[in-house]
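Taking it in order: structure first as structure tokens, then the write-up.
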Amino acid sequence: MRLSSHNPTSSTAETAMSSWAAVQAQSSFLSDQWLHHQADLADQHHTDLLLVPGDGHIGQGIAVHSAIILPLSALSEVLTSLFTTSSDQVSIIQLPQVDRVTVLQMVDLLYTGQCHISQGHFD
């Protein structure tokens with residue numbers, strides 16, 4: 001008869017290390033995906049909505065994804081009905097009373113959940 005020794009501490013440590021490695025891999029993957037998404041947004045890939053601040057013109061609009069912006073809008077049903085459904089056209093929202101910095105901060109807030117506002121912006 002052969003007795004095998006079972007070391008629960010070793011098994012727990014291996015499980016913890018395996019779980020930690022899985023979390024790190026997932027975190028790395030999501031971080032990489034976010035970087036690609038930011039690059040696509042900056043290059044206006046896959047964007048279908050242009051936010052044009054009052055201090056700019058259409059060429060200075062900020063390209064965003066309607067799938068991100070519209071569900072968060074109080075007027076989402078109205079806005080959705082106004083937009084075209086064609087995948088090759090970009091809809092435009094003009095924000096005549098909002099400056100570019102504020103629109104960029106709003107986009108940061110909607111996409112990342114945070115934005116940085118300087119004290120000078122409130123003066």
Side-chain angles (χ1 to χ4, degrees):
M1 175 185 239
R2 188 171 163 192
L3 295 174
S4 63
S5 77
H6 177 63
N7 185 346
T9 305
S10 175
S11 176
T12 303
E14 288 173 8
T15 302
M17 288 300 291
S18 176
S19 295
W20 181 82
V23 167
Q24 291 302 314
Q26 184 179 22
S27 177
S28 177
F29 171 77
L30 293 174
S31 177
D32 187 52
Q33 290 298 304
W34 179 244
L35 290 175
H36 286 290
H37 172 72
Q38 285 180 311
D40 283 349
L41 190 60
D43 293 337
Q44 298 184 5
H45 289 137
H46 312 295
T47 57
D48 58 353
L49 182 60
L50 193 66
L51 303 177
V52 181
D55 57 356
H57 51 80
I58 292 177
Q60 295 177 327
I62 297 144
V64 295
H65 304 95
S66 62
I68 300 292
I69 303 300
L70 293 182
L72 301 172
S73 171
L75 301 172
S76 64
E77 289 181 23
V78 173
L79 292 174
T80 302
S81 68
L82 295 175
F83 292 140
T84 60
T85 56
S86 175
S87 62
D88 61 344
Q89 292 184 341
V90 174
S91 298
I92 299 169
I93 297 179
Q94 292 189 324
L95 305 166
Q97 297 176 340
V98 184
D99 63 69
R100 182 174 178 77
V101 171
T102 302
V103 174
L104 288 169
Q105 290 170 334
M106 178 193 72
V107 169
D108 282 347
L109 181 63
L110 294 175
Y111 274 85
T112 67
Q114 60 184 349
C115 70
H116 302 283
I117 301 173
S118 67
Q119 183 65 32
H121 197 75
F122 292 104
D123 295 335

Query raised in the report: Is the number of heavy atoms from other residues, nucleotides or ligands within 6.0 Å of CD (Q97) greater than 12?
Result: no
Query - Shortest non-hydrogen contact from V107 toward V64 - result: CG2-CG1, 3.8 Å
Requested in this report: Working to the nearest 0.5 Å, report the span between CG of L50 and CD of Q60.
Outcome: 11.0 Å
Requested in this report: Quick one: list whatever passes side chain to side chain contact (heavy atoms under 4.5 Å, CB included) with L109, sequence neighbours left out.
Outcome: C115
Query raised in the report: When you measure from the side chain of Q114 to the backbone N and O of D108, does any donor-acceptor pair fall under 3.5 Å?
Result: no
Requested in this report: Would you name the heavy atoms of H116 and Q105 that are closest together and state the gap between them?
Outcome: O-NE2, 3.1 Å
Query raised in the report: What's the spacing between S91 OG and L51 CG if we round to 0.5 Å?
Result: 11.0 Å
